[in-house]
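The structure presented is a predicted model; accordingly, all values stated were derived computationally and were not measured. Counting convention: from 1, in listed order, for ligands and their atoms alike.
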Amino acid sequence: MEPAVVTRFAPSPTGALHPGNARTALFSFLLARARGGRFLLRIEDTDRERGSEQHVATQLAELEWLGIGWDAGPGRDDGRGPYRQSERGALYARLFAQLEREGQAYPCYCTPAELEVARRTQLAAGQPPRYPGICRALDAAARAAREREGRTPALRFAVPGAETLRFDDRVRGPQAIEAATLGDFLVRRADGGAVFFFCNAVDDALMGVTDVLRGDDHLANTPRQLLLLRALGLPTPRYGHLPLLLDASGAPQSKRRGSVTLSQLRERGYLPAALANYLLRLGHHGAPDGWLDLAEMPRHFDAGRLGRAPAHFDAAQLDHWQREAVLRLDGAAAARWLAAELPADWDGERRASVAALLKGNVLLPGDARDWLAVLGGALPPLAPDAAQAISEAGPAFFDAALAGYAETGGDLAALADVLKRSTGRKGKALYMPLRCALTGRHDGPELAALLAAIPQSLVRDRLAGAARLGRG
Ligand code: GLU
Ligand code: ZN
């Protein structure tokens, strides 16, 4: 039997999440769900300077909003935690000791200045700069001498000699790199802190992660991580490196460049399911064209169909899915979504019926404002095509409409019958000028529902106004 799949998302809390991060999280989540596996959340907060508690809280909220739930993670331990790297120092220390004891890592006393000299010498000789192995050969006496000088060592991994490191990336295909090109790399800094890719690799192993999907900015870390895991006798996950998500300008999404964040999309009123539908198709081929609920997505996710080409974040595509998502809201859900725009004194029934009426014409909640004015305020300025339809119908039509409305009230079918008889108009020639007079626009929600929802005095004012407009 295939072992159970365990995936994870491992954000560094150095900023808010971008759609690119969300895509990585979603794909990892779906990969686990597709195979009946588990999805973990790990906070990679070893960078004390750049990380913050505020960002941790925001990132957790953003994931929850998106509907990506974790089986284990911060505050949800399963015995393999803690799930914050800042709380795992003792585990790392044990592994450093193991590496050192087995001669697979050694203390490095080099100062930044000494390393800089070595780097320049190599560059001048036309060689790629890498650690030249100065401290690898130090014997116990030489080490003791440096300790006496008060130098605190870093810890360097002793990269084995000539060897081609190979792994099969599930997105990028077979990879090969000569171990000798890596140079002995740091695993623990002189200040005692573990380096990022050490914690990242050993945590995956200790947490039982079988499948890693992550941004391809981490592809270059992978050979070193494979060496480390082998040296420690730990299992290696299967890696897949996703191409970066680019902004419309073609630059990679980044916190520093001010790319749009999940929080901003949420504040603007984008629905999480719209974003999930958009992200599912971004660099992942073969999902059905139509809408999928999050619960259906695992069945349609296949890590074998991940593309290698960088994808662009495309606001128009997101809007397409947003429209689909909004249309799927029932009245109550649409009312919650529009809550900030709806008058506070409306009862639940009115809120739900108006929200249901407007949702086909509203992409983001702010778009509802003009329609709410149509339903109970001052009409927005007449659109040119609406003004034209009104003048084409002429004042007699609106006089007849006023008279008909006095008889029929908010019943559009009855009003249309009366108008048909009195004006000889029918179909579009009848409905369009009515719509334009009542809403100031050529298009919008269903006219019968609008007519029923607009207060009678406003209907009369607007029909009378249209009649006046025709008289000039
Ligand atoms: N903490 C890393 C990041 O935020 C994740 C690395 C990984 O997924 O392996 O980029
Ligand atoms: Zn050294």
Side-chain angles (χ1 to χ4, degrees), residues 6-18 20-29 31 39-47 50-51 55-56 59 62-63 73 83-86 88 105-119 130-138 142-143 145-147 149 151-159 169 171 183-190 194-205 207 209-222 224-226 228-229 236-242 244-245 252-255:
V6 181
T7 68
R8 50 65 165 181
F9 180 56
S12 306
T14 54
L17 299 179
H18 296 291
N21 307 123
R23 180 180 58 155
T24 303
L26 178 69
F27 287 4
S28 300
F29 170 77
L31 178 57
F39 173 71
L40 314 177
L41 178 65
R42 179 174 73 234
I43 304 298
E44 305 215 306
D45 57 349
T46 49
D47 186 341
R50 298 197 307 138
H55 290 317
V56 174
Q59 292 183 341
E62 285 166 333
L63 290 174
Y83 280 91
R84 298 179 61 132
Q85 289 184 331
S86 57
R88 296 175 65 81
Y106 58 87
C108 169
Y109 297 90
C110 297
T111 63
E114 287 164 340
L115 293 172
E116 181 57 21
V117 170
R119 201 179 75 91
R130 66 180 74 111
Y131 183 69
I134 305 166
C135 297
R136 191 167 180 164
L138 296 182
R143 281 179 189 158
R146 282 166 178 72
E147 301 270 348
E149 284 171 33
R151 296 200 193 192
T152 329
L155 190 65
R156 244 176 229 286
F157 183 75
V159 173
D169 190 275
V171 181
D184 292 351
F185 51 83
L186 285 185
V187 290
R188 189 189 67 215
R189 294 183 303 266
V195 306
F196 157 74
F197 61 81
F198 175 88
C199 307
N200 176 269
V202 303
D203 282 350
D204 281 338
M207 292 171 180
V209 171
T210 60
D211 293 79
V212 169
L213 292 179
R214 62 183 176 187
D216 68 7
D217 46 335
H218 294 291
L219 183 64
N221 287 329
T222 310
R224 287 179 287 188
Q225 296 189 308
L226 292 171
L228 279 171
L229 293 174
T236 52
R238 183 170 176 198
Y239 291 100
H241 288 88
L242 302 167
L244 292 180
L245 189 56
Q253 289 204 324
S254 85
K255 293 158 193 150

### Task
Give a yes/no verdict on a cation-pi contact between Arg156 and Tyr131, requiring under 6.0 Å between NZ or CZ and the six-membered ring centre and an angle within 45° of the axis.
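The answer is yes, since Arg156 meets both limits relative to Tyr131.
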### Query
What part of Phe9 sits under 4.0 Å from ligand 1 if we count only heavy atoms: the side chain, the backbone, both or neither?
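Near ligand 1, Phe9 shows nothing, with every heavy atom at 4.0 Å or more.
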Could you list the atoms of ligand 1 found under 4.0 angstrom from a heavy atom of [X]?
{"X": "Asn200", "value": "6 (C), 7 (C), 9 (O)"}
{"X": "Phe196", "value": "1 (N), 2 (C), 6 (C)"}
{"X": "Glu44", "value": "1 (N), 2 (C), 5 (C), 6 (C)"}
{"X": "Ala10", "value": "1 (N), 2 (C), 3 (C), 4 (O), 5 (C)"}
{"X": "Arg8", "value": "7 (C), 8 (O), 9 (O)"}

### Task
Return the minimal non-hydrogen interatomic distance between Gln59 and Thr14, and the atom names on each side.
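That closest heavy-atom pairing would be NE2-N, 4.3 Å.
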### Message
I need the minimum non-hydrogen distance between Ala25 and Leu63, along with the two atoms involved.
### Response
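Here Ala25 and Leu63 meet closest at CB-CD2, 3.9 Å.
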### Query
Quick one: do the Arg214 and Asn200 side chains pair a donor with an acceptor below 3.5 Å?
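Checked: Arg214/Asn200 side chains pair up, N/O donor to acceptor below 3.5 Å.
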### Query
Would Arg146 and Glu149 pass as an ion pair if we require N to O under 4.0 Å?
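The answer is no: the pair does not qualify as a salt bridge.
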### Rounded distance [0.5 Å steps], CD1 in Ile134 versus CD in Glu114
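Going from CD1 on Ile134 over to CD on Glu114, the span is 6.5 Å.
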### Query
Roughly how far apart are Asp47 CG and Phe196 CZ, rounded to 0.5 Å?
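If we round to the nearest 0.5 Å, Asp47:CG and Phe196:CZ are 10.5 Å apart.
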### Query
Protein N/O/S atoms under 2.8 Å from the Zn ion (ligand 2): how many?
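Count of protein N, O, S atoms less than 2.8 Å from the Zn ion (ligand 2): 4.
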#### Entry: Residues forming a side chain to side chain contact (heavy atoms under 4.5 Å, CB included) with Ala22, sequence neighbours excluded
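Side chain to side chain contact (heavy atoms under 4.5 Å, CB included) list for Ala22, sorted by chain: Leu66, Leu262, Leu279.
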### Query
Is the distance between the ring centroids of Phe197 and Phe185 less than 6.0 Å?
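Judged by ring-centre distance (under 6.0 Å), Phe197 and Phe185 do meet the cut-off.
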